[in-house]
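See structure below.
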Amino acid sequence: MDRGAVPVVAEDGRRRIARTDVLLAEPRLAEAAGRLGRGVVKAAVVAAQRRARAGEIPPGAVADAAVAALPVTASGLRPVINATGVLLHTNLGRAPLSDAAREAVALASGATDVELDLATGRRARRGRSALAALAERVPQAEAAHVVNNGAAALVLAAVALAPGREIVISRGEMVEIGDGFRIPELLAATGARLREVGTTNRTTPDDYAAAVGEETGFILKVHPSNFRIEGFTRGADVAELAGLGVPVVADIGSGLLAHEPLLPDEPDAASMLKAGAHLVTASGDKLLGGPQCGLVLGRQDLVRRLARHPLARALRVGKMTLAALEATLRGPRTPAEEALHADAAALRERAERIAARLRDGGVDAVAVDSEAAVGGGGAPGVVLPSAAVSVPEHYAVRLRRGAPAVMGRVEDGRCLLDLRPVPPERDGDLAAAIRAAAAR
Ligand SMILES: *Cc1c(COP(=O)(O)O)cnc(C)c1O
């Protein structure tokens, strides 16, 4: 008999399903309750009992089934290998953190000096070292502030710089971010009025100039980060608007701090500030490759107005976010950067190696060329040459339900596991997950 299996023999000699309290006393489950919490373990036990009652597993296997179903942590979030080919997948939490950032988060999760100067014993500026790291990476910015996400950065700019006043914005930049959230509606919700200029495809500097006046809080330039307009188009550059006498706020979205040659059309904070933007807003968990947060960079007086606004307190980030952001800024290349810069031939070699090993084990797997994308984080339309392990289509569901879960994409009747977003050190885990899916 398995160590830990809990057979309960009823008086009539039939094997019955063990009671919940008996199962919770089983050594492996009792240990797990100490680690994960009793509620989490009890849920696994109850689910296993239900399976036994339904005849899916024998009564004697309830404890084993409960142990097998225990989550890795007390959180319902499960680890996923992103093999979709989308580098920054919104539904998978966008940018995965670097090891440096994860270690910083783990350390900051305890008591830490986020708002205390240990040298003097006095209160200190919250997140000062993360802000210093931002200043070092973007010397063009006089000041920086960090909020909960990109949307929060926009909200704070609107309430601090355009309360009851107008935000001048091109009709070609009225962007829906995703999941029904629209930047114009977000801004209108702050009480600011939108002054729309130009048309969907064409907006000139003169359109802005004609709209700017007494009522203007600022001009907002929004990077169309998830769509492209082609053909008969015209937009106004930040440089063409910087001299109109009102602040220009550039929402670059992706969080690139400096120009990235692989993504020539993607705006970056340094270039925008050099071009004359007074403030730049961006997300931390897109191409910057860090935690979810929003960055505000730019002129000292404007950043201070945002940081000193009463709503700033409601939008501020936690110590773990500050730790992850700083480690992302100071640390080695992020997983997002690694994925973006991965060499197509090297990706193909990895795919060949994984597929060959799987074929040796009798799995129908082949290496194929593939096309990856940056994703919700920016660079719409940019195709990144990639390589994938192609397996039968019906593996997709099994892989998704496995542990760790693997998300691929189904294309032309095959399940493709694109290696560009997968860190090379996870190749072994990916192959093992495919083997487990094949065995089921
Ligand atoms: C993603 C994005 C946002 C929203 O940022 P969140 O961090 O998701 O709140 C705003 N503007 C642009 C241009 C974006 O690309």
Side-chain angles (χ1 to χ4, degrees), residues 86-97 134 144-159 161 167 169-190 192 194 203 218-229 235-238 248-257 260 263 265-269 271-273 275 277 279-298 306 311-312 314-318 321-322 324-325 328 334 336 340 373-382:
V86 178
L87 271 43
L88 302 167
H89 199 296
T90 301
N91 305 145
L92 297 178
R94 289 196 186 145
L97 293 182
L134 264 177
H145 182 63
V146 184
V147 289
N148 187 48
N149 58 12
L154 282 172
V155 164
L156 198 53
V159 295
L161 306 181
I167 298 172
I169 182 172
S170 163
R171 292 196 171 90
E173 299 179 2
M174 313 272 279
V175 177
E176 174 170 321
I177 310 166
D179 195 25
F181 288 101
R182 296 170 168 175
I183 288 177
E185 292 173 359
L186 180 84
L187 296 170
T190 69
L194 293 189
T203 306
F218 60 89
I219 292 172
L220 178 63
K221 285 285 298 169
V222 180
H223 175 55
S225 57
N226 53 11
F227 71 101
R228 276 197 310 191
I229 296 183
D237 291 336
V238 162
V248 176
V249 178
D251 174 20
I252 61 169
S254 77
L256 275 186
L257 299 181
E260 168 54 69
L263 306 172
D265 297 331
E266 199 61 21
D268 63 276
S271 306
M272 283 291 160
L273 291 167
L279 278 187
V280 167
T281 65
S283 302
D285 55 354
K286 295 180 177 175
L287 286 167
L288 181 65
Q292 179 192 305
C293 63
L295 309 180
V296 180
L297 300 159
L306 266 65
L311 255 187
L315 304 175
R316 79 173 191 179
V317 291
T321 300
L322 290 166
L325 175 62
T328 299
T334 66
L340 180 65
V374 170
V382 171

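Atoms within a ligand are numbered from 1 in the order they appear, just like the ligands themselves.
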>> So Leu340 and Leu263, do their side chains get closer than 4.5 Å, heavy atoms only?
In response: yes
>> Taking 4.0 angstrom as the limit and counting only heavy atoms of Gly150, give me the atoms of ligand 1 inside it, by number and element.
In response: 5 (O), 6 (P), 7 (O), 9 (O)
>> For the CD atom of Glu176 and the CD atom of Glu185, what is their distance to the nearest 0.5 Å?
In response: 8.0 Å
>> Yes or no: does Val175 have any heavy atom under 4.0 Å from an atom of ligand 1?
In response: no
> Which part of Arg94 is near ligand 1, with near meaning a heavy atom under 4.0 Å away: side chain, backbone, both or neither?
Replying inline: side chain
> Within the side chain of Lys221, is there an N or O that forms a donor-acceptor pair under 3.5 Å with the backbone of Glu173?
Replying inline: no
> Do Lys286 and ligand 1 have an N or O pair less than 3.5 Å apart?
Replying inline: yes
> For Asp285, is at least one N or O under 3.5 Å away from an N or O on ligand 1?
Replying inline: no
>> Restricting to salt bridge (Lys or Arg N to Asp or Glu O under 4.0 Å), what partner residues turn up for Asp285, sequence neighbours left out?
In response: Arg94
> Hey, does Glu260 have a side-chain heavy atom less than 4.5 Å from the side chain of Leu287?
Replying inline: no
>> Can you tell me which portion of Ile183 lies within the under-4.0 Å heavy-atom range of ligand 1? Options are side chain, backbone, both, or neither.
In response: side chain
>> Less than 4.5 Å apart, side chain to side chain, heavy atoms only: is that true for Ile219 and Val238?
In response: no
> To which of Ser283, Pro380, Ser225 does the heavy atom nearest atom 5 (O) of ligand 1 belong?
Replying inline: Ser283
>> Below a 4.0 angstrom heavy-atom separation, can you tell me which part of Gln292, side chain or backbone, both or neither, approaches ligand 1?
In response: neither
>> When you compare the side chain of Asp251 with that of Ile183, does any pair of heavy atoms fall below 4.5 Å?
In response: yes
>> So Ile167 and Val249, do their side chains get closer than 4.5 Å, heavy atoms only?
In response: no
>> Using a 3.5 Å cut-off on N or O atoms only, is Leu154 in polar contact with ligand 1?
In response: no
> Numbering the atoms of ligand 1 from 1, which are under 4.0 Å from a heavy atom of His223?
Replying inline: 13 (C)
> Does Ala151 approach ligand 1 within less than 4.0 angstrom via side chain, backbone, both or neither, non-hydrogen atoms only?
Replying inline: both
